[in-house]
Each structure stands twice: as structure tokens, then as C-alpha cells.
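Following: one structure in C-alpha cells, then a few remarks.
Any value given below was found using the heavy atoms of this structure, including those in side chains, with hydrogens, waters and symmetry copies removed. Atoms within a ligand are numbered from 1 in the order they appear, just like the ligands themselves. By convention here, the first residue in the shown sequence is residue 1.
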Amino acid sequence: MLRISEEVAAALDAGHPVVALESTLISHGLPYPQNLAVARALEDEVREAGAVPATVGVVGGVPTVGLAPHELERFATSGAVRKLSRRDIAVAAAQRADGATTVAATMALAAAAGVQIFATGGIGGVHRGAERSWDVSADLTELARTPVLVVCAGAKAILDLSATLEYLETLGVPVVGLGTAELPAFYSRSSGLPLTASAESPEEAARIWHAQRRLVAIAAPGGMLLCVPPPEAVALPRAVVEAAIERALARAEAAAVRGPAVTPFLLAAMAEETAGESIGTNVALLRQNAHVAALVARALSQLAP
Ligand code: PSU
Ligand code: MN
């Protein structure tokens, strides 16, 4: 049902820290060759910070936690890798397809394997214009029900961040800022949207997560977001990002893009509209989040189960 790599299984058995990583950003979120370099760099970041990386995907129909190096390469280079949310996993399994897992699907597989900490870039959320399109990412509903802490730079800036935060509140998902009391805006450090909770350190974030799991019957039963602003040196000014988003959204509208194709289309359009700058920022924040997630996983492994 679920293939767990030998290295990841051994780490889990020994109670060593493990960090899950997703594969949609590799296959559908970033262009080649940056995507392969990033896939490897994120695993290196996790290792250097003292945890074991577990990149998640569906390989030839087999849900897998801990992709092998040659599988990472295939996911970065093959045009035939599907984008899988939770609803798509059984279809891919039956058809023995390769599939890159979104935040939602990665959470599901990570939880099934016993991995509690997961690093990504920006989660999916409520799209702009969702009052007409009903385009709301399954990442949000997954956070409501699956017990995984997701380290991210907030939700992707192409979304309606205010509506996304409201929806997370409705679903009862805690959103905690790391060293900030504001929701980061993915490419930018600030969104102007206040958070109700913040942690001063990865250790404090681990204690909050530990409390949520201990209080599972009376506190949030599912996941938690730990939001880390992108590094100062590569963060983009909000005005620049907003102007690029307007142009990217107009192109998506003109091309009548719908469904799971929307996010990959907008991310690629953002790269063009910012002359590649958005990719540099995306890569830097991903590396930072992998590092932070490893520190949280280490702190968690020190706390009594
Ligand atoms: N973050 C990134 N790049 C990405 C994604 C997130 O920096 O490509 C992916 C994640 O896998 C997320 C997905 O779950 O986009 C959201 O897609 P959708 O809006 O279709 O749910
Ligand atoms: Mn969608």
C-alpha cells in the first residue's frame, strides 16, 4: 500500500527526526533544471540540519515516502508525471502512473507513514475570484483533518490571502508565524494580515505542535501551519509582485485555464512577468523552510511522546 524507503523507515523506528517534502513543486511548480537542483538542495538542507528527508510521490502507482535519487530525477525531467491531490491517488495507483503529490496528498502519505513535519513553499488556498469559480485548494481541507505540521511561507501570493486565512479559521486550523505576527505573502515578507499566534523559535513551534497532538480530543484534530517569511535578501516588494500577479491573472483568464492547471500556469507566468526573479525567491524560501522544518523535527524528537 505504501512504500517507505529503508532510510526513512529506519529513522522512524529509531525516533530520529524526519521531514517530508512534496513533489508537485518539482514536477509542476518550477522549470527544469532548477527543479532538479532544488529537489536535491531541499534534501541536503534537511540533512545538514540533522534530520532525514522524505520526498513523497506516487511511483508507478505505488505511494512512496522517500523517493530514490533516480526517481527524483524522473520526477524533474519527465513530462508524464501527473499532479496528484488526495482525490487522484487511487486512480494513479490503479493505472500504475507516476504522480507528484501536492501539499494535500503529501500530508496524507506523510501521516500514513508516521511523519509529522513537512516543508513546502506556499500552500494552495482560496483563489482570487473564488466566489465565482469555487476554486479552493484541497490543501485547506486536508489541513483540517490530517495531523501534519506544514512549514511554509504562507499561501501562494497569486491567491486571495485574506480569504485563505478566513477559510483556515473556519476549518479550525492554527496558523502560527515564526518570529512574526503577520501572514507572510510568499514572495514578500508582509501581507498586512495579522496572525493570532506566533512562535519565537523552532523549539517553541515544536512545543505548540506537541501540545496540539497531546490535546487532540479537544484542540485542532488536524494539521497546523508554521509560516516563515522569505529571507530578507531575496524577498520581493509587494507592489512589484502585485503588478506581476495582475498580468499573470489576465493571461490565465485569456487562456481560460481551469482546475489543477491554474496554479502551475500562474507560477510559470509569474516567472516570466518578473524576469525570473520569482523563481530565485521561491527557491530561497523553499531552502529556508526545509532548514526550519528540520529544526522543528529535531526539537519534537526531544519531547516526550
Ligand atoms: N508551493 C510552491 N510551488 C508549488 C506548490 C506549492 O512553491 O508548485 C504546489 C503545491 O503542491 C500545492 C499546489 O499543494 O501547488 C496547489 O495546487 P492547487 O492550487 O491546484 O490545489
Ligand atoms: Mn484549484
With backbone taken as N, CA, C and O and side chain as the heavy atoms from C-beta onward, which portion of [X] lies under 4.0 Å from ligand 1: side chain, backbone, both, or neither?
X      : result
Asn282 : side chain
Asp139 : side chain
Leu267 : side chain
Thr263 : side chain

Under 4.0 Å from a heavy atom of [X]: which atoms of ligand 1 are those, numbered in the order shown and with their elements?
X      : value
Thr102 : 11 (O), 14 (O)
Gly121 : 7 (O)
Ser137 : 18 (P), 21 (O)
Thr24  : 9 (C), 11 (O)
His127 : 19 (O)
Phe186 : 7 (O)

Side-chain heavy-atom pair Val58, Asp88 within 4.5 angstrom cut-off: no
Close side-chain approach of Arg287 and Asp44, heavy atoms under 4.5 Å: no
Would you say [atom1] of [X] has more than 12 non-hydrogen atoms from neighbouring residues, nucleotides or ligands within 6.0 angstrom?
X      : atom1 : result
Glu131 : CD    : yes
Arg247 : CZ    : yes
Arg189 : CZ    : yes
Arg87  : CZ    : no

Students should be able to answer this: which protein heavy-atom is nearest to [atom], and at what distance?
atom                    : value
atom 17 (O) of ligand 1 : Lys83 NZ, 3.2 Å
atom 8 (O) of ligand 1  : Gly29 CA, 3.3 Å
atom 9 (C) of ligand 1  : Lys156 NZ, 3.3 Å
atom 10 (C) of ligand 1 : Glu22 OE2, 3.3 Å

Leu193 with Val126, same ILVMFWY side-chain cluster at under 4.5 Å: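 Linked within one cluster.
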Any His28 heavy atom less than 4.0 Å to ligand 1: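 Flag not set, His28 not near ligand 1.
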Intermediate values then yes/no, side-chain contact (heavy atoms from CB on, under 4.5 Å), Glu142 and Thr102: CA-CA 11 Å; Glu142 197 64 38; Thr102 64; over 6 Å; no
Between CG on residue Asp98 and CZ on residue Phe75, distance to nearest 0.5 Å: 4.5 Å
Nearest-0.5 Å distance, OG1 of residue Thr64 to CD of residue Glu71: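 With rounding to 0.5 Å, OG1 (Thr64) is 6.0 Å from CD (Glu71).
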Any N/O pair Gly122/ligand 1 closer than 3.5 Å: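 Yes, at least one N or O pair falls under 3.5 Å.
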Nitrogen or oxygen of Val103 less than 3.5 angstrom from that of ligand 1: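 Min N/O separation from ligand 1 is below 3.5 Å for Val103.
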Name, closest N/O/S atom of Asp135 to the Mn ion (ligand 2):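 The Mn ion (ligand 2) is closest to the Asp135 atom OD1, counting only N, O or S.
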Derivation and outcome, side-chain contact (heavy atoms from CB on, under 4.5 Å), residues Val46 and Val52: CA-CA 6 Å; Val46 171; Val52 172; 5.8 Å; no
